[in-house]
Structures are given as structure tokens and as C-alpha cells.
Novice: 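Take a look at this one; I'll ask things after.
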Amino acid sequence: MDITILGIESSCDDTSAAVIRNTTLLSNVIASQAVHIKYGGVIPELASRAHQQNIIPVVDTALKEAGVTPDKIDAIAFTRGPGLLGSLLVGTSFAKGLSIAHNIPMVEVNHLQGHILSHFIDLPDSEIAHPSYPFLCLLVSGGHTQIVKVSSPLEMEIIGTTIDDAAGEAFDKCAKVMGLPYPGGPVIDRLAKEGNPKAFEFAKPHVKGEFDYSFSGLKTSFLYTLRDAVATDPDFVEKNKADLCASLQHTIVSILLDKLIKATKALGIKDVAIAGGVSANSGLRDAVAEAGRRRGWRTFLPPLKFTTDNAAMIAISGYYRYKQGLITGLDVSPVARLEEIL
Ligand code: KG4
Ligand code: ZN
């Protein structure tokens with residue numbers, strides 16, 4: 001029997017709804033919030049207000065594009081966390097309302113597991129290769145950086161994690177220092193293509209945990225390089241933007257790769273995936289593909305539309321949970337932090 005899931009994502013600054021039938025995506029609608037651009041970062045209060053404005057039209061469009069009415073939906077999957085509490089509340093409350101109104105069960109989804117399971121979304125018109133279990137996934141987003149061992153859709157173990165900033169945060173904060181718009185990751189990616197990745201050298205971390213990451217030292221080292229250079233030449237950043245972006249990206253990617261390679265060796269796993277917003281980065285994608293060619297991995301790079309936040313990944317995660325009978329009660333409340341959800 002077919003299972004149809006409506007997915008709702010509202011953890012940060014994208015309001016998204018998607019419909020999936022079994023593992024095949026029928027629709028995936030995303031409303032990004034332009035309201036934060038002028039502040040150079042996400043303002044939580046504005047994000048939840050924008051979610052409130054967007055959620056009804058976004059869900060309505062997703063259902064229409066999929067050609068599905070609420071009575072054909074088996075379950076509503078929603079992001080319970082981690083994320084901004086006010087934003088999560090909008091999605092969770094909307095899911096509850098829809099659940100009560102149409103008598104449809106709810107399924108809670110961990111946003112990070114969603115990013116990882118985006119590798120199992122099938123598209124109606126094209127074949128996408130899926131990793132085999134167990135595989136390793138480098139999960140790199142704006143808020144998290146982890147190496148995860150994935151043994152099944154519901155069994156995931158964090159092997160390594162960042163002890164301070166996330167990789168996406170490193171991109172965004174360094175971009176801000178250079179006066180680039182938010183989010184800085186995609187802008188640095190674009191500018192890096194014109195620059196020399198060896199032009200500047202920034203500090204690389206020495207972290208105790210064998211598979212753990214740290215990015216705050218790199219951020220400080222980047223900041224000091226700029227501060228010292230600007231003191232003698234105020235136009236330094238403008239003149240060296242491409243080289244700075246290329247060198248920064250090169251450093252972040254090599255930090256990410258070092259530990260990922262270590263983990264594949266230690267665990268003897270050769271199916272390697274990347275996921276999360278930073279997995280859109282062209283330098284990281286090229287480096288993972290290259291490492292895979294050299295080391296005999298099967299590498300899995302998500303389609304770009306599934307790298308940043310989207311509800312398709314929430315819907316596919318909901319599908320696997322629903323199949324296992326994991327229904328969530330109406331008394332559920334969202335959680336902001338990862339520790340509270342795993
Ligand atoms: O997964 P995501 O959409 O949201 C979170 O769950 O955090 O990730 C957002 C992050 C931001 O830090 C953004 O700068 C980064 O992903 N990002 C990129 C690229 N596209 C998005 N970073 C580097 N290169 C990109 N092309
Ligand atoms: Zn995300």
C-alpha cells in the first residue's frame with residue numbers, strides 16, 4: 001500500500017512543505033525569507049513571523065502541486081528540532097492543527113536526520129543512487145558539523161562533532177567580516193572560483209577528539225589577517241576578495257576532509273555521503289569526489305536543491321518513521337537543542 005506523507009520544515013529561515021509518496025517526491029515548495037538580508041543574519045523574531053505568513057500558502061501549494069488533498073495524506077511529518085524555538089513552534093502548531101482538523105497522525109522528525117536521509121529521496125523523472133548501510137555522512141550545516149555513522153534510516157551514531165563553531169558558521173562569519181551579504185557560504189563559493197586557494201594561510205585546528213572539529217581558531221586567524229592587512233592598506237579586502245575566499249574555502253574543506261578520511265579508515269566504511277547547506281559548496285563537493293576516486297569510496301553528493309533546508313527531507317524521514325509506527329502525540333513540543341532530541 002502506498003504511503004503519502006506531507007512534510008513541514010520551519011526550523012530556521014526557510015518555510016517549506018513537501019509531499020512524498022513512498023520515497024518518490026511529488027512536490028517541494030520553499031519560501032525563503034528575504035527579511036533577514038539587511039541585518040546580515042537571521043533575526044529569530046522576524047523568522048517566526050515570516051513562517052506564520054508563509055506556512056498556509058506554502059502547504060497549500062505543495063498539496064496542489066502534488067495533486068493531493070488532505071484526506072489522501074497518511075501522516076504529517078514536521079521538524080521538531082533542533083532549530084529556532086519560535087520558528088519550530090509555527091511548524092509544530094500548524095502540524096497539530098492540520099492533524100486535528102483532518103484526523104491525520106503526526107510524525108516528529110529530527111532536522112539533522114532529515115538532512116542525512118535526503119539521500120534516499122527518489123525523483124519521478126530521474127534515477128538517484130542511494131548509499132548502502134552502513135555509510136558515513138559528513139553533515140555540514142549552518143548550526144552543526146558532524147560525522148555520522150548511518151546504520152539504517154532510524155539508527156544513526158554521531159562519530160565526531162564540532163567543539164565550537166559549525167562549518168557554515170565559519171563561512172558566514174568570515175563573509176560578514178569581509179562585508180559580504182548573508183548567508184556568506186554561497187557568496188564565498190562563487191568568489192573563490194576566481195581566486196588562488198594558496199594565496200593566504202590560516203590556522204588549522206588541533207582538536208583532541210579523533211573525529212571532532214573546531215572552526216573558531218580559523219575564524220580568529222582570518223580576522224587577524226584582515227585586521228593587520230587593513231591597517232596598512234584600507235582597500236586590502238576589496239583587492240584580495242577572491243584570494244581570501246579561495247584560501248578560506250580551501251582551509252575549511254581540508255579541515256573537513258582530514259577527519260572524514262580518518263573516520264572512513266577507522267571504521268572501514270567506503271560509502272561516504274555529505275549533507276546539509278555546506279554540502280552545496282563546490283570546493284567540498286570536488287574534494288570529496290576526488291578523495292573518493294583515490295580511496296575507492298562510493299561518494300554521494302546530494303542534488304543541490306536538497307542541500308539547504310527543505311521539507312522533502314522531512315517528508316522522507318517521516319516516511320521511514322511512519323513505516324515503523326513511530327507516531328507523535330498531540331502533546332509534543334518543539335526543542336531547540338540537539339541534545340534534547342536524540
Ligand atoms: O542546512 P542549512 O540550510 O541550514 C541549517 O540547518 O543550518 O545550512 C545553511 C548553511 C549556511 O551557513 C550557508 O552559508 C551554508 O549552509 N551554505 C554554503 C553554501 N550554500 C549554503 N556554504 C558554503 N558553500 C555553499 N555553496
Ligand atoms: Zn538544515
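Numbering of ligands and ligand atoms starts at 1, following listing order. As the structure is a computational prediction, the values presented were derived from the model and not from experiment.
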Novice: Establish, from distance only, whether the side-chain atoms of Asp122 and Thr23 form a donor-acceptor pair under 3.5 Å.
Specialist: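 Yes, a side-chain donor-acceptor pair sits under 3.5 Å.
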Novice: Please state which protein non-hydrogen atom is closest to atom 20 (N) of ligand 1 and give its distance, to 0.1 Å?
Specialist: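 For atom 20 (N) of ligand 1, the nearest protein heavy atom is Gly277 O, 3.4 Å.
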Novice: Please could you name the atoms of ligand 1 that Ala280 approaches to less than 4.0 Å, counting only its heavy atoms?
Specialist: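 Every atom of ligand 1 under 4.0 Å from some heavy atom of Ala280: 20 (N), 26 (N).
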Novice: Backbone or side chain, does any N or O of Gly184 fall under 3.5 Å from an N or O of ligand 1?
Specialist: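 Between Gly184 and ligand 1, no N or O pair is found under 3.5 Å apart.
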Novice: Do Asn22 and Asp2 have side-chain N/O donor and acceptor atoms under 3.5 Å apart?
Specialist: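 Distance-only check passes for Asn22 and Asp2.
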Novice: Parallel, tilted or perpendicular, judged at 30° and 60°: which one describes the rings of Phe120 and Phe135?
Specialist: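 It falls in the tilted class, 30° to 60°.
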Novice: Test salt bridge (Lys or Arg N to Asp or Glu O under 4.0 Å) on Asp212 and Lys259 and set out the steps.
Specialist: CA-CA 7 Å; Asp212 287 338; Lys259 294 286 172 103; over 6 Å; no
Novice: Do Thr328 and Arg321 have a side chain donor and acceptor closer than 3.5 Å?
Specialist: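 Short answer, no.
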Novice: Strictly under 2.8 Å, is any N, O or S atom of His115 next to the Zn ion (ligand 2)?
Specialist: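 It does; at least one qualifying atom falls short of 2.8 Å.
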Novice: Which residue holds the protein heavy atom closest to atom 3 (O) of ligand 1, what is that atom called, and what is the gap in Å?
Specialist: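 Closest protein heavy atom to atom 3 (O) of ligand 1: Asp309 N, 3.1 Å.
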Novice: Hydrogens and angles aside, do Asp165 and Ser216 bring a side-chain donor and acceptor to less than 3.5 Å of each other?
Specialist: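 No - no donor-acceptor pair under 3.5 Å links their side chains.
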Novice: Mind jotting down which residue pairs meet the ring-ring contact (aromatic ring centres under 6.0 Å, His included) criterion with at least one end in residues 219-247? Sequence neighbours excluded, please.
Specialist: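 Residue pairs passing ring-ring contact (aromatic ring centres under 6.0 Å, His included), neighbours aside: Phe200-Phe236, Phe202-Phe222.
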Novice: Who pairs with Arg21 by side-chain hydrogen bond (donor to acceptor under 3.5 Å, both in side chains), at least two apart in sequence or on another chain?
Specialist: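 Testing Arg21 for side-chain hydrogen bond (donor to acceptor under 3.5 Å, both in side chains), a comparison that skips the adjacent residues, returns Thr4.
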Novice: Which atoms of ligand 1 are found less than 4.0 Å from any heavy atom of Val278?
Specialist: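 Counting atoms of ligand 1 from 1, those under 4.0 Å from Val278 are 15 (C), 16 (O), 18 (C), 22 (N).
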Novice: Could you list the atoms of ligand 1 found under 4.0 angstrom from a heavy atom of Gly143?
Specialist: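 Ligand 1 atoms under the 4.0 Å threshold to Gly143: 7 (O).
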Novice: Considering distance alone, does some N or O of Pro183 sit under 3.5 Å from an N or O of ligand 1?
Specialist: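 No, no N or O pair falls under 3.5 Å.
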Novice: By number and element, which atoms of ligand 1 are closer than 4.0 Å to a non-hydrogen atom of Gly185?
Specialist: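 Contacts of ligand 1 toward Gly185, numbered from 1: 14 (O), 18 (C), 19 (C), 22 (N), 23 (C), 24 (N), 25 (C).
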Novice: Using a 4.0 Å cut-off to any heavy atom of Gly168, which atoms of ligand 1 qualify?
Specialist: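 Every atom of ligand 1 under 4.0 Å from some heavy atom of Gly168: 12 (O).
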Novice: Polar contacts were defined as any N/O atom of the residue lying under 3.5 Å from an N/O atom of the ligand; does this apply to Asp189 and ligand 1?
Specialist: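 Min N/O separation from ligand 1 is below 3.5 Å for Asp189.
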Novice: Heavy-atom count around Lys305 NZ within 6.0 Å, excluding the residue itself: above 12?
Specialist: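 Atom NZ in Lys305 is not packed in, count stays at 12 or less.
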Novice: Among all protein heavy atoms, pick out the one at the shortest distance from atom 14 (O) of ligand 1; state its residue, atom name and that distance to 0.1 Å.
Specialist: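 Result: Asp172 OD1, 2.6 Å.
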Novice: Could you identify the single nearest non-hydrogen protein atom to atom 10 (C) of ligand 1 and state the distance to 0.1 Å?
Specialist: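 Its nearest protein heavy-atom neighbour is Gly142 N, 3.5 Å.
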Novice: Can an N or O of His115 be found at a distance shorter than 3.5 Å from an N or O of ligand 1?
Specialist: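 Yes; the residue has a nitrogen or oxygen that sits under 3.5 Å from a nitrogen or oxygen of the ligand.
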Novice: Checking Gln249 against Ser247: is there a side-chain donor and acceptor pair closer than 3.5 Å?
Specialist: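 No.
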Novice: What do you reckon, does Asn281 have a nitrogen or oxygen under 3.5 Å from a nitrogen or oxygen of ligand 1?
Specialist: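 Yes, there is a polar N/O contact under 3.5 Å.
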Novice: For atom 6 (O) of ligand 1, what is the nearest protein heavy atom, given as residue, atom name and distance?
Specialist: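 The answer is His111 NE2, 3.2 Å.
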Novice: For a distance under 2.8 Å, tell me if Cys12 has an N/O/S atom near the Zn ion (ligand 2).
Specialist: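 Coordinating: no.
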Novice: With rounding to 10 degrees, what does the angle Asp309:OD1 / the Zn ion (ligand 2) / His111:NE2 come to?
Specialist: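 Answer comes to 100°, rounded to 10°.
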Novice: Looking only at side chains, do Thr79 and His111 share a donor and an acceptor under 3.5 Å apart?
Specialist: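 Per modelled atom types, Thr79 and His111 side chains form no pair under 3.5 Å.
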